[in-house]
There are 2 protein chains.
Amino acid sequence: MTARRRQEGTSVIPGNLHVPEDCRAVSEVLSRVGDKWTILVVSELGNGSRRFNEIRRSLGSISQRMLTLTLRGLERDGLVTRTVFPTVPPRVDYELTKLGRSLLEPVSGIGLWARQNRAAIQDARQRFDAAVGSAA
Amino acid sequence: MTARRRQEGTSVIPGNLHVPEDCRAVSEVLSRVGDKWTILVVSELGNGSRRFNEIRRSLGSISQRMLTLTLRGLERDGLVTRTVFPTVPPRVDYELTKLGRSLLEPVSGIGLWARQNRAAIQDARQRFDAAVGSAA
DNA sequence: CTGGATCCATAGCGATACTG
DNA sequence: CAGTATCGCTATGGATCCAG
């Protein structure tokens, strides 16, 4: 039970994820990035500074509550800055930090993949469902 | 409600995500990729074909149920193949498809970012919590 | 060994109402 | 406009038991 790793793979990807330490790191980031809204918000902010309701409308379907929570989380993790203008009515601007912008690159990779392979996924899904349906 | 896109940004990232159509695509993929286990499983399978309990042990903490569900989902979406050997005891191998391997690249991008910036995030988190704590 | 079925606890998230 | 607070539903995910 000491060494049960397979040696065959020699790591196709440029950094192993199966080391426990890395697993935690990835899982942590994933629970931030992988939630329902983070990537969309970050992507929107990738186009420049935005006000609260601007983001809200640009995403269309996000609830006020979730946008607040998402932005709070991003702010907490140092990915966006929150600038309050003490005017009336109040105005709050959100903007990506350097760290936040650095996330834009890997995130856009996922986004690109998503758009390129969505059709393939939907197709596979239909085939799978059909097969399961007929088998049952 | 016809055209509410800003023109200023000129898209830092190589593909806009704020088009409704793309938003759905990304959200879809995200709900598959962004769950608690998919990325870890895909990463592990990136090193080669694996049996059910091999994956299970390599991740350590995943429950049997969730591994089954995750693999089923991945199979449904055409990202992994499931090969059953009708032996006794039964043996089932999982392996990434071409589509699955193509996901490995953007995923490893996220993984890389995670490892590189985990410290920065944790740091920002502590500062934020300290600030909020003192403000309250 | 692989994995289905069930029970249960919690987290996520939307809807709504209220405040500065 | 930009939040906060509360409620309630649903999805997620773990534990456990059962079966081929």
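Throughout, a chain's letter reflects where its sequence line sits, starting with A, and its residues are numbered from 1. These numbers were taken from a predicted model, which means no experiment stands behind them.
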Spacing of Arg32(B) atom CZ relative to dT12(D) atom C1', expressed in whole Å: 13 Å
Sugar-phosphate, base or nothing in reach of Arg82(B), heavy atoms under 4.0 Å: sugar-phosphate
Rounded distance (Å) that lies between atom C1' of dA15(D) and atom CD1 of Ile62(B): 14 Å
Point-to-point distance, once rounded to the nearest 0.5 Å, from CG of Leu71(B) to CZ of Phe52(B): 6.5 Å
Interatomic distance where CG belongs to Asn53(A) and C1' belongs to dC1(D) [whole Å]: 6 Å
Proximity to the side chain of Lys36(A) - top-ranked nucleotide from dG3(C), dC13(C), dT4(D): dC13(C)
Phosphate OP1/OP2 of dT2(C): any Arg51(B) side-chain N/O under 4.0 Å: yes
Separation of atom CG in Leu67(B) from atom P in dT16(D), rounded to whole Å: 18 Å
Residue met sooner reading DNA chain C from 5', once Met66(A) and Leu69(B) are mapped to nucleotides: Leu69(B)
Exam field: side chain Arg56(B) to backbone Ile62(B), donor-acceptor pair closer than 3.5 Å: yes
Rounded distance [0.5 Å steps], CZ in Arg50(B) versus CD in Glu95(B): 10.0 Å
Whole-Å gap separating C1' (dG13(D)) and CG (Leu30(A)): 16 Å
Side-chain touch Leu99(A)/Ile121(B), heavy atoms, less than 4.5 angstrom: yes
Thr68(B) side-chain N/O to dG3(C) phosphate OP1/OP2 under 4.0 Å: no
Among dT2(C), dG13(D), dG3(D), the one nearest Gln64(A) by side-chain distance: dG3(D)
Close side-chain approach of Arg32(B) and Thr38(B), heavy atoms under 4.5 Å: yes
Protein-nucleotide distance (Asp35(B), atom CG; dA11(C), atom P), rounded to Å: 18 Å
Nearest-nucleotide pick for Arg65(B), side chain only, options being dC13(C), dC1(C), dG13(D): dG13(D)
Interface with DNA chain D, restricted to residues 86-95 of chain A and to heavy atoms under 4.0 Å: Pro89(A), Pro90(A), Val92(A), Tyr94(A)
Charged N-O contact under 4.0 Å between Asp129(A) and Arg125(A): no
ILVMFWY cluster, Val88(B) and Val92(B) together (side-chain gap under 4.5 Å): no
Value in whole Å for how far the C1' atom of dG3(D) lies from CZ of Arg72(A): 8 Å
Interatomic distance where CG belongs to Leu40(B) and C1' belongs to dG13(D) [whole Å]: 15 Å
